[in-house]
Number of protein chains: 2
Amino acid sequence: MSLRHAILGLLARSPSTGYELTRKFDRSLRTSWHASHSQIYPELAKLERAGLVEVVSRGARRSKTYGITDSGREELRHWLVEAEPDRSQRNESGVRLFLTPLLDPADRHATYERDLSHVEVELDGLEELRAQVNASEMPEPFAPQIELGIRINTVIRDWLREQLDNGG
Amino acid sequence: MSLRHAILGLLARSPSTGYELTRKFDRSLRTSWHASHSQIYPELAKLERAGLVEVVSRGARRSKTYGITDSGREELRHWLVEAEPDRSQRNESGVRLFLTPLLDPADRHATYERDLSHVEVELDGLEELRAQVNASEMPEPFAPQIELGIRINTVIRDWLREQLDNGG
DNA sequence: CGCATCATGTAAGCTGTTACATGATTAT
DNA sequence: ATAATCATGTAACAGCTTACATGATGCG
């Protein structure tokens with residue numbers, strides 16, 4: 001179960017409310033894991049009962065800011081370093097790309113075009129993020145991760161352009 | 001729900017038994033979608049009731065070979081071309097990579113080494129597959145998809161090597 | 001004959017999605 | 001005022017995992 005570890009990881013980066021975590025899943029973690037608020041709030045309650053997170057402050061609109069505890073940090077480190085990684089993935093776009101050769105040329109072309117627009121938007125977002133980091137507007141330790149995202153999306157973009165050029 | 005469409009896609013490539021589909025999910029589709037036999041058999045039964053697949057032959061050990069029907073092909077095309085793609089992903093390795101900067105240098109190094117070995121094995125498998133396709137031992141239409149897999153894994157491999165070289 | 005592999009299924013429990021529900025605060 | 005956004009929760013249902021269960025066939 002990696003929802004709980006994703007939450008622990010985000011809280012290790014900085015204390016957050018459930019609402020903020022929901023947005024972080026939508027933004028930073030979007031390409032690796034998805035979770036909606038209806039899953040996040042109950043999971044935070046469970047993690048609190050297990051002593052892995054705690055409420056560190058309460059703000060306006062009955063908001064609760066959670067922080068990771070020492071035993072939460074231990075659990076997170078254990079998952080990252082010690083536990084056997086689960087390499088299985090669920091990626092609908094990957095399935096679609098895998099099956100695209102079944103389509104006739106016109107449909108194939110249309111789906112590659114659609115994917116290309118999407119990747120280009122994705123790349124723009126990542127490049128903007130990199131620019132912000134370079135301008136020291138953000139902490140640096142995650143710069144290599146952003147770079148990897150850019151490289152993977154660049155490879156996909158170029159591959160899609162080739163397929164479109166070659167009538168593939 | 002893309003399990004049903006992944007099954008339709010695999011059956012569009014060639015008729016198969018549930019057992020063979022299980023192996024294909026483990027091999028060809030491994031990096032995009034996972035499904036085990038306990039999910040595949042009930043789903044085949046559902047697809048048959050819906051008229052999207054049919055039993056085309058029965059073999060030894062009470063095995064049933066399923067093929068896609070015309071209405072299954074329509075449904076598959078609709079999903080691939082017409083339907084709004086779900087871009088959300090579930091990728092535990094991605095979450096782990098995203099959170100790795102939280103670790104101290106020794107732990108970080110260890111997890112990058114572990115991931116590097118894994119990617120290298122993955123790449124070897126894909127390169128072997130490409131060699132088989134080039135030697136015309138396999139049908140050609142999926143060659144670009146194999147090439148994309150190789151390029152993505154190469155980018156990840158090189159990134160990991162850089163992180164290890166830079167003490168990142 | 002016994003083991004590995006092929007082959008298909010079901011059941012319990014956990015994970016994730018969609019929809020429902022409510023209230024607080026800020027901006028227009 | 002009232003609409004948008006912030007903020008938290010619950011319930012019903014669908015999807016997925018793990019474990020249980022059984023039988024057929026081929027190989028040594």
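Chain identifiers are assigned alphabetically (A, B, ...) following the order of the sequence lines, protein sequences preceding nucleic acid strands; residue numbering begins at 1 within each chain.
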Check your understanding: With a non-hydrogen cut-off below 4.0 angstrom, is A:S36 in contact with a base, only sugar-phosphate, or nothing?
Key -> base
Practice item. Report the distance from atom CG of B:L44 to atom C1' of C:dA7, rounded to the nearest whole Å. Key: 13 Å
Review point. For the base of C:dT18, is there a side-chain donor-acceptor partner from A:S38 under 3.5 Å away?
Key: yes
Review point. Could you give the CD-to-P distance, from A:Q89 to D:dC16, as a whole number of Å?
Key: 15 Å
Review point. D:dA24 P sits how many Å from B:R58 CZ, rounded?
Key: 16 Å
Check your understanding: Does A:W33 have A:R90 sitting over its ring (NZ/CZ under 6.0 Å from centre, angle to axis within 45°)?
Key -> no
Check your understanding: Just how far, in rounded Å, is C1' of C:dT22 from OH of A:Y19?
Key -> 15 Å
Review point. With a distance cut-off below 6.0 Å to the six-membered ring centre and an angular limit of 45° from the axis, does A:R13 pair with A:F142 as a cation-pi contact?
Key: yes
Exercise for review: State whether B:Q39 places a side-chain N or O below 4.0 Å from either non-bridging phosphate oxygen (OP1 or OP2) of D:dT17.
Suggested key: yes
Review point. A:Y41 has an atom OH; how far is it from atom P of C:dC20, in whole Å?
Key: 19 Å
Review point. Honestly curious: do B:L8 and B:Y41 fall in one hydrophobic cluster under the side-chain, below-4.5 Å linking rule?
Key: no
Check your understanding: Touch check for A:R90, heavy atoms < 4.0 angstrom, all strands: base, sugar-phosphate only, or nothing?
Key -> sugar-phosphate
Review point. Separation of A:R23 atom CZ from D:dC6 atom P, in whole Å?
Key: 6 Å
Check your understanding: Which heavy atom in A:V133 sits nearest to a heavy atom in A:A143, and how many Å separate them?
Key -> CG1-CB, 4.1 Å
Revision key, fill the gap. Separation of D:dG15 atom P from B:R4 atom CZ, nearest Å, is 8 Å
Check your understanding: Quick one: does A:H34 reach the base of C:dG16 with a side-chain donor-acceptor pair under 3.5 Å?
Key -> no
Review point. Atom NE2 of A:H37 to atom P of C:dT22: distance rounded to whole Å?
Key: 14 Å
Check your understanding: So which nucleotide from D:dA24, D:dT8, C:dG16 ends up closest to the side chain of B:R61?
Key -> D:dA24
Exercise for review: Would you check if A:F25 and A:R30 make a side-chain contact, meaning some heavy-atom pair closer than 4.5 Å?
Suggested key: no
**Study point:** Pairwise 5' ranking along DNA chain D for A:P42 and A:A60, keeping only the more 5' one
**Key:** A:A60
